[in-house]
Amino acid sequence: MKITAKFLDANETATGGLVLWLNKGEKQSPLVRKVDKALNGHITQIIKERDFSGNALETLSFDTLGQHPAKRILIIGLGEKADVTAETIRQASGKSATAMKQAGIKIYISTLARAQAKQATPAELAQAIAEGTLLALYTFDKLKSEKETKKIDELKIVARSAKEEGLMTKGAKKGVTLAESACLARDLINSPGNFATPSHLADQARKISREFGIRTKILDAKAIEKLQMGGLMGVASGSHQPAKFIIMEWLKGPKAEKPILLVGKGLTFDTGGISIKPAGGMEEMKSDMSGGAAVIGAMRAISALKMKVNVVGLVPATENMPGGSAIKPGDVLKGLSGVTMEVINTDAEGRLILADALAYAERYKPDCVIDMATLTGACMVALGDFASGLFGNDETLIKQLKETSEEIGEPCWPMPLWPEYEALIKSDVADVKNVGPRAGGAITAAAFLKKHVGAETKWAHIDVAGTAYTAKARHYITKGGVGLGVRHMVRFIEKRTDVK
Ligand code: BES
Ligand code: ZN
Ligand code: ZN
């Protein structure tokens with residue numbers, strides 16, 4: 001699908017559909033007034049008849065029956081004017097794209113919501129429209145014999161001048177890149193475990209690296225063993241799929257600037273191992289590589305946008321299977337950091353593989369390390385499916401991550417990480433054990449990760465167990481893999497490095 005900005009008159013352009021916006025209680029906006037006039041007051045009449053009040057994401061649509069060059073008009077509510085942000089526009093654009101698709105429309109026009117979202121620039125609004133539209137229209141049908149037939153070919157976003165058209169085109173392009181990168185992450189998450197193996201993740205990382213010029217190295221099982229990554233080796237030992245350790249380097253920033261390290265849990269299927277999970281719902285554990293998918297997607301976005309930054313992505317990738325040579329409760333593994341880890345429960349495997357990735361990150365003398373992982377059911381219990389858990393050892397870093405997450409519509413909420421929690425994972429036979437008491441499970445998991453981070457390293461951990469995968473579609477989020485973390489990391493890196 002093509003998304004462009006065009007200097008055009010909505011009253012003069014033939015199209016399948018036209019999107020207009022209204023705030024709560026607003027009967028008219030300059031643009032709605034203009035179209036209303038061309039339709040001899042039909043909009044005013046229909047707003048009254050259908051009791052449309054402009055609440056956020058409320059929609060009103062009608063056929064123009066030959067009275068306007070747009071065959072169908074869709075008015076979408078944005079709620080209170082003071083509350084409208086880029087996220088509102090993203091959600092509303094997702095909703096309008098879905099409505100246009102359902103109506104079988106191929107080409108449509110969207111106005112910019114300039115009057116409704118005053119804080120945002122035209123480029124930012126065009127970006128939000130592009131993101132919301134493409135994310136909402138995502139489908140995963142590559143494994144179906146019957147493909148989705150309703151497809152939109154083009155969306156034109158109305159610019160007010162040739163100059164604005166240029167600025168908006170740039171914004172829309174950025175939105176397209178971000179949405180496509182998040183959709184790549186969704187594809188990886190939605191792909192079942194027998195497709196999205198550790199080797200497949202590595203192949204995909206290689207593919208985008210060739211396309212966008214990322215320097216990528218894949219450590220195979222032999223190299224992982226040579227390095228003595230005991231956590232990753234241990235978890236992989238129950239599986240016939242060879243583990244991979246994916247390293248993606250994008251070092252295009254100032255030489256003196258230390259790199260930002262992104263680490264993602266790449267557990268391509270989590271059976272629980274010998275501490276096997278119950279059968280019900282286990283199929284969703286194909287999504288246990290969502291953190292890894294976020295890193296690969298973010299690396300794609302950063303490189304495609306040619307950001308002048310230093311970023312390295314690390315993805316430890318393996319299955320967690322209960323094979324004959326699998327690790328057992330009570331086993332002790334030695335991580336790359338040198339820390340010995342007693343395996344109390346083989347289902348707490350994410351922290352074992354992340355331990356090695358976090359230790360490996362130290363080699364880059366990073367500015368900061370951010371890991372993303374579907375780590376604990378406990379985090380889902382704590383925060384539900386709306387916010388991810390945010391942990392770390394640096395207030396500024398946590399603040400930047402929280403703020404940018406809210407900005408882009410993937411809220412992360414700070415959780416405590418006091419030393420008391422570290423005491424709960426002391427082991428009788430090793431340095432740490434991989435499970436503490438049931439209560440506070442998301443925090444002890446984070447405390448475990450912290451053991452493998454350098455004392456001077458600024459680090460944050462985002463637990464996305466409750467947020468990375470959804471059974472229910474809403475606005476621009478489709479069922480299955482959410483693709484979260486991709487837009488968040490790009491926005492965070494922009495903010496942290498001051499690079500636009
Ligand atoms: N991958 C799971 C966490 C998870 C649960 C992700 C639900 C998404 C949805 C993780 O490896 C796991 O199994 N964690 C255990 C840890 C426990 C054994 C301490 C958990 O949360 O139950
Ligand atoms: Zn597990
Ligand atoms: Zn897991």
Side-chain angles (χ1 to χ4, degrees), residues 189-190 193 196 198 201 231-232 234-239 241 243 263-294 315-322 326-331 333 341-357 371-389 391 415 421 424-425 427 432-449 461-472 480-482 484-485:
I189 299 165
N190 291 332
L201 287 195
L232 181 54
V235 174
S237 65
S239 165
Q241 289 290 340
V263 176
K265 172 175 173 183
L267 215 295
T268 59
F269 196 82
D270 185 8
T271 65
I274 295 298
S275 317
I276 200 159
K277 286 182 182 293
M282 204 206 272
E283 68 282 358
E284 287 194 3
M285 280 301 122
K286 68 177 182 179
S287 67
D288 210 17
M289 31 57 72
S290 296
V315 182
T318 178
E319 289 184 331
N320 185 21
M321 299 287 282
I327 47 168
K328 306 166 289 297
D331 285 1
L333 307 170
M341 312 176 280
E342 184 188 6
V343 180
I344 300 295
N345 188 317
T346 65
D347 197 11
E349 83 300 334
R351 62 199 78 179
L352 299 173
I353 68 170
L354 287 168
D356 288 334
D371 80 70
M372 292 177 283
T374 45
L375 206 63
T376 65
C379 193
M380 196 162 25
V381 174
L383 294 170
D385 61 4
F386 181 60
S388 307
F391 305 80
M415 302 276 277
Y421 291 99
L424 299 175
I425 49 168
S427 161
V432 275
K433 55 182 179 182
N434 77 335
V435 168
R438 220 170 91 83
I443 310 176
T444 42
F448 182 96
L449 297 180
H461 156 60
I462 305 177
D463 193 333
V464 295
T467 48
Y469 195 83
T470 178
K472 217 175 139 237
V482 173
L484 97 181

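Numbering of ligands and ligand atoms starts at 1, following listing order.
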Within-4.5 Å side-chain heavy-atom neighbours: Pro316 and Asp356:
no
Have a look at Asn320 and tell me which of Thr268, Asp270, Thr346 forms a side-chain hydrogen bond (donor to acceptor under 3.5 Å, both in side chains) with it.
Asp270
Counting no waters, what protein N/O/S atoms lie under 2.8 Å from the Zn ion (ligand 2)?
Asp270 OD2, Asp347 O, Asp347 OD1, Glu349 OE1
Quick one: look up the protein heavy atom nearest atom 10 (C) of ligand 1 and list residue, atom name and how far away it is.
Leu375 O, 3.3 Å
State whether the shortest distance between N or O atoms of Arg351 and N or O atoms of ligand 1 falls below 3.5 angstrom.
no
Grab the two heavy atoms, one from Ser290 and one from Ser287, that are nearest each other, plus how far apart they are.
OG-O, 2.6 Å
Please name the residue in the list Val435, Val235, Leu352, Ile274 that meets the side chain to side chain contact (heavy atoms under 4.5 Å, CB included) test with Val343.
Leu352
So, does Lys277 sit close enough to ligand 1 that a heavy atom of it is under 4.0 Å from the ligand?
yes
Side-chain touch Met289/Ile189, heavy atoms, less than 4.5 angstrom:
yes
Could you tell me if the side chain of Ile276 sits less than 4.5 Å from the side chain of Met282, heavy atoms only?
yes
From atom 9 (C) of ligand 1, work out which of Met285, Glu284, Lys265 has a heavy atom at the shortest distance.
Met285
Has ligand 1 got any nitrogen or oxygen that is less than 3.5 angstrom from a nitrogen or oxygen of Gly377?
yes
Expected list for residues 374-384: side-chain donor-acceptor pairs under 3.5 angstrom, two or more places apart:
| unit_1 | atom_1 | unit_2 | atom_2 | d |
| --- | --- | --- | --- | --- |
| Thr374 | OG1 | Asp288 | O | 3.3 |
| Thr374 | OG1 | Asp288 | OD1 | 2.4 |
| Thr376 | OG1 | Cys379 | N | 3.1 |
| Thr376 | OG1 | Asp463 | OD2 | 2.7 |

Testing Glu349, Glu342, Arg351, Met341 one by one against Asn434 for a side chain to side chain contact (heavy atoms under 4.5 Å, CB included), which residue passes?
Arg351
Minimum-distance protein heavy atom relative to atom 2 (C) of ligand 1:
Asp270 OD2, 3.6 Å
Quick one: are Tyr469 and Asp385 in side-chain contact, heavy atoms under 4.5 Å?
no
Please write down residue, atom name and distance for the protein heavy atom closest to atom 17 (C) of ligand 1.
Ala348 CB, 4.4 Å
Nearest heavy atom to atom 13 (O) of ligand 1, choosing from Asp347, Val435, Asn345, belongs to Asp347
Keeping the roles fixed (side chain from Ser275, backbone from Gly272), state whether a donor-acceptor pair exists under 3.5 Å.
no
Nearest-neighbour protein heavy atom for atom 7 (C) of ligand 1, which is reported as residue plus atom name and distance
Met380 CE, 3.5 Å
So, for Lys433 and Leu424, which heavy atoms are closest and what is the spacing to 0.1 Å?
CE-O, 3.6 Å
Numbering as shown, the atoms of ligand 1 that approach Glu349 to under 4.0 Å (heavy-atom distance):
11 (O)
